[in-house]
There are 2 protein chains.
Amino acid sequence: MYRIEFSNFFTSAFSVDCIIFGYSEDKIKALLIKRSVKPFENYWAVPGDLVYPDEDLPQAAERVLFELTGLKNVEMHQSETFGNPKRHPEGRVITISYFALIRIEDFEVKASSWAEEVSWVPIFEVPKLAFDHNHILNSTFNLLCQKLQNDPICFDLLPDRFTLNEFQKLYEYAFQVEMDKANFRKKIKNIPLVAHEEKQKNVNHRPAKLFSFNKENFEKLTELGDCRFKM
Amino acid sequence: MYRIEFSNFFTSAFSVDCIIFGYSEDKIKALLIKRSVKPFENYWAVPGDLVYPDEDLPQAAERVLFELTGLKNVEMHQSETFGNPKRHPEGRVITISYFALIRIEDFEVKASSWAEEVSWVPIFEVPKLAFDHNHILNSTFNLLCQKLQNDPICFDLLPDRFTLNEFQKLYEYAFQVEMDKANFRKKIKNIPLVAHEEKQKNVNHRPAKLFSFNKENFEKLTELGDCRFKM
DNA sequence: GCAAAAGTGTTTGGATTACACCCATGC
DNA sequence: GCATGGGTGTAATCCAAACACTTTTGC
């Protein structure tokens, strides 16, 4: 029935690649590592590695991310799968990419295992990467942009307390557009935000109010069909 | 460095599953096959099979679909990847799901290989399927619904010439809502449709005009930022 | 006072909604 | 004639864009 023995199907491997997005200095950044091993030695790459044959994919993504960057307890979402037979020089390896959104300030990253260095690189300033990682990263960033338009995931990137300007700049950077301040604020007025007493400090202009996203309220409103996230 | 030999990573297999969506009788349907082999003999399933170790994924999806259903020349899009280590009884098999949208009338389907029967099943009337195929199908249908809101893919499901009512009913079925006829027509008035002289026939009411989607014009308009598809 | 960004209000035109009405066909 | 859906118009409302203006801080 098959043109090869059934058992010969079981000769492939797979890997996971973890695209970690963060936001700081008004830029969306991806976490990259510098490879200290062949192939693509000394190239920057997305953190990723082979999956053990008895390991589930989301677990593998968590493990690999931790081994290479020290990051843990981040929520991973599946992105795309890349399976070109020639994409890996050592054999057939298909890779499943995962992505996560984190608040850069809340985590510490540290290169380990065969990662020589880690770095947060602004998404529009990424150099030539190992393997097909530029392709993987770009297509995952596109997915992120889509989600930014339809789901309240921007709050996973913003600090717990943020100004409305930081919020706006996140969208301006993602979509490379400029937005009107007054209109932006009108647009988001349905999103349940909590205003804090505390204000921005040490700025040479009027300090901005700090806000937090009220996730519980948002979920109640969406259940009632009362608030749909649309940017 | 790894807890197993490097070569032992190369002991897995992967498969592709093809979710083919169509639209007829005001219902969105999926193409299912009846398995004549173990495991899950006599269960209905999504067409899918193992990928050869030297085969690219999109090609595998095309081949498998053709072998089981006779369908060819359909444009496949990647959906999700399912990799639970226990999802296949014969060993580690991760599956990449692909989906396609076709005009049911334009194709003929015919069961072959180990598919005993093929059938178009309305998406809300799908029985218990083999493996984790209900899960795969549902989550791909959700993806389809998302795309129906943001991309002009509804025209891949509708016949080349369609009435505005058929168009509306497609959305009503997908989202299980009722829409106002007049308002629906206003909403779609930016979409470049071609009105034909030809009319609907053999209906016991005023015959409806037939329309086609003008893809070239749509693409010109989107490039100019003049027309964004939003439903 | 000045620069810089925070924060708000107004106007306008275009979409969305709900609803009413007329039209063409088969029987 | 009547049932059935095709097809269009209107008024009220909501929303988005453009733009102007006031406020609060550091220096």
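Numbered from 1 within each chain, the chains take letters A, B, ... in sequence-line order.
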For this session: Measure from the side chain of B/His205, starting at C-beta and using heavy atoms only, and say which of D/dT25, D/dG5, C/dT16 lies closest.
Result: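 The nucleotide sitting nearest to the side chain is D/dG5.
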Between [X] and [Y], a side-chain donor and acceptor under 3.5 Å:
{"X": "A/Asp17", "Y": "A/Thr95", "answer": "yes"}
{"X": "A/Thr163", "Y": "A/Lys209", "answer": "no"}
{"X": "A/Lys110", "Y": "A/Thr69", "answer": "no"}

For this session: Check every strand shown and say whether B/Lys181 touches a base, only sugar-phosphate, or nothing at a heavy-atom separation below 4.0 Å.
Result: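 Touches a base.
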For this session: Would you mind classifying the nucleic acid contact of A/Ala208 as base, sugar-phosphate or nothing, using non-hydrogen atoms under 4.0 angstrom?
Result: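 Contact class for A/Ala208: sugar-phosphate only.
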Exercise. What residues, two or more places apart in sequence or in another chain, satisfy side chain to side chain donor-acceptor pair (under 3.5 Å) together with B/Lys230?
Worked result: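 Counting only residues at least two positions away or on another chain, B/Lys230 forms a side chain to side chain donor-acceptor pair (under 3.5 Å) with B/Asn150.
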Once you round it to whole Å, what is the distance between [atom2] of [N] and [atom1] of [X]?
{"X": "B/Lys189", "N": "C/dT16", "atom1": "NZ", "atom2": "P", "value": "8 Å"}
{"X": "A/Asn183", "N": "C/dT12", "atom1": "CG", "atom2": "P", "value": "16 Å"}
{"X": "B/Arg185", "N": "D/dG5", "atom1": "CZ", "atom2": "C1'", "value": "10 Å"}
{"X": "B/Lys209", "N": "D/dT8", "atom1": "NZ", "atom2": "C1'", "value": "11 Å"}
{"X": "A/Lys199", "N": "C/dG7", "atom1": "NZ", "atom2": "P", "value": "8 Å"}
{"X": "A/Phe184", "N": "C/dA6", "atom1": "CZ", "atom2": "P", "value": "12 Å"}
{"X": "B/Asp180", "N": "D/dG9", "atom1": "CG", "atom2": "P", "value": "15 Å"}
{"X": "B/Asn202", "N": "D/dT4", "atom1": "CG", "atom2": "P", "value": "19 Å"}

Exercise. So do A/Phe131 and A/Val46 actually touch side chain to side chain, heavy atoms under 4.5 Å?
Worked result: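 Counting from C-beta outward, A/Val46 and A/Phe131 never come under 4.5 Å.
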For this session: For B/Pro207 and for B/Ala182, find the nucleotide of DNA chain D with the closest heavy atom, then tell me which residue's nucleotide is more 5'.
Result: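 With B/Pro207 and B/Ala182 compared, the 5'-side residue is B/Pro207.
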Problem set entry | Residue mapping more 5' on DNA chain C - nearest nucleotide basis, B/Lys186 or B/Val203 |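 Closer to the 5' end of DNA chain C: B/Lys186.
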Exercise. At under 4.0 Å, does any side-chain N or O of A/Asn204 touch on OP1 or OP2 of C/dA4?
Worked result: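 Checking C/dA4 against A/Asn204, no side-chain N or O comes under 4.0 Å of OP1 or OP2.
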